[in-house]
Amino acid sequence: ELKVEQNPLFLSMQEGKNYTIYCNYSTTSDRLYWYRQDPGKSLESLFVLLSNGAVKQEGRLMASLDTKARLSTLHITAAVHDLSATYFCAVDSGGSNYKLTFGKGTLLTVNP
Amino acid sequence: DGGITQSPKYLFRKEGQNVTLSCEQNLNHDAMYWYRQDPGQGLRLIYYSQIVNDFQKGDIAEGYSVSREKKESFPLTVTSAQKNPTAFYLCASSANAVSGNTIYFGEGSWLTVV
């Protein structure tokens with residue numbers, strides 16, 4: 001059974017600081033997704049990483065995938081309050097979108 | 001605008017009742033999904049459908065039923081057999097179920113048992 005672990009689960013940051021969220025998973029996969037969720041809202045797709053070494057950046061967020069280490073990171077640069085949300089990673093264990101396993105999410109709070 | 005519409009946003013169910021959550025998409029996607037989210041947890045797959053008139057159980061299908069009579073519609077019924085139905089329900093779709101296709105989510109429906 002695929003297990004997906006995110007850490008930290010809770011992260012409180014100061015504006016302007018950098019930090020990294022980690023997503024570890026237990027079985028071989030080269031498909032990993034990052035989503036953002038605002039309180040009580042839907043999930044917004046941030047990144048789809050499809051191969052070892054993939055790196056994608058959008059604004060202050062950068063995601064990478066190391067399939068050998070079974071690790072993805074979501075790096076936040078110079079955090080701003082608008083980035084406050086819960087971030088989920090999801091791993092595809094079987095080559096199909098219906099085989100995604102989600103992590104529990106990281107609740108990020110960016111303080112002024 | 002293209003997207004996924006879920007209704008109702010909030011729903012209260014009495015013990016022993018069945019309730020149906022609506023999901024409509026105008027993205028022309030073949031694949032549709034229902035997920036359940038509990039507080040502080042990730043999403044868990046209830047049912048998915050890769051094409052009209054076909055659907056498959058996900059990881060937590062017990063107590064739920066679905067239909068896929070039209071490409072754009074994938075309603076979820078929460079039956080009285082579901083012992084702990086209070087949760088946030090998210091409908092999603094993707095162009096197809098092949099890995100790597102972006103999955104788009106609706107705004108969700110909150111179901112509370114009273």
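Letters go in sequence order (proteins before strands), and every chain restarts at 1. What's counted below: heavy atoms across the whole structure, side chains too, no hydrogens, waters or symmetry copies.
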* Using atom types as modelled and distance alone, determine if a side-chain donor or acceptor of A/S42 lies under 3.5 Å from a backbone N or O of B/G108. => no
* Rounded distance (nearest 0.5 Å) linking atom CG of A/L100 with atom OH of B/Y33 -> 7.5 Å
* **B/Q37 versus A/F88, closest heavy-atom pair with distance** => NE2-CZ, 3.3 Å
* Asked: Are B/V19 and B/F74 in one and the same hydrophobic cluster, where Ile, Leu, Val, Met, Phe, Trp and Tyr link if side-chain heavy atoms are under 4.5 Å apart?
  -> yes
* Could you check B/T102, B/I103, B/N101 and say which one makes a side-chain contact (heavy atoms from CB on, under 4.5 Å) with A/V48? => B/T102
* Would you find more than 12 non-hydrogen atoms of other residues, nucleotides or ligands less than 6.0 Å from A/Q57 atom CD? -> yes
* **More than 12 heavy atoms of other groups within 6.0 Å of B/K9 NZ** => yes
* Given that the side chain runs from C-beta out, which part of B/Y35 has a heavy atom under 4.5 Å from chain A: side chain, backbone, both or neither? -> side chain
* Asked: By a 4.5 Å heavy-atom criterion (distance strictly below it), what part of A/L50 contacts chain B: side chain, backbone, both, or neither?
  -> side chain
* Tell me, out of B/L90, B/V98, B/L43, who's got the most heavy-atom pairs with chain A below 4.5 Å. => B/L43
* To do: Tell me, yes or no, whether the heavy-atom count around A/K104 atom NZ, taken from other residues, nucleotides or ligands under 6.0 Å, exceeds 12.
  => no
* **Top contributor to chain A contacts, counting heavy-atom pairs under 4.5 Å, from B/Q56, B/Q50, B/R44** => B/Q50
* Tell me, yes or no, whether the heavy-atom count around A/M62 atom CE, taken from other residues, nucleotides or ligands under 6.0 Å, exceeds 12. => no
* Within one Ile-Leu-Val-Met-Phe-Trp-Tyr cluster: A/L108 and A/W34, side-chain cutoff 4.5 Å -> yes
* Asked: Taking atom CG of A/L9 as the centre, does the number of heavy atoms from other residues, nucleotides or ligands within less than 6.0 Å exceed 12?
  -> yes
* Asked: Pick from A/D92, A/T86, A/L49: which one has the most heavy-atom pairs with chain B under 4.5 Å?
  -> A/D92
* Pick one of side chain, backbone, both or neither for B/A97, based on which atoms fall under 4.5 Å of a heavy atom in chain A. => both
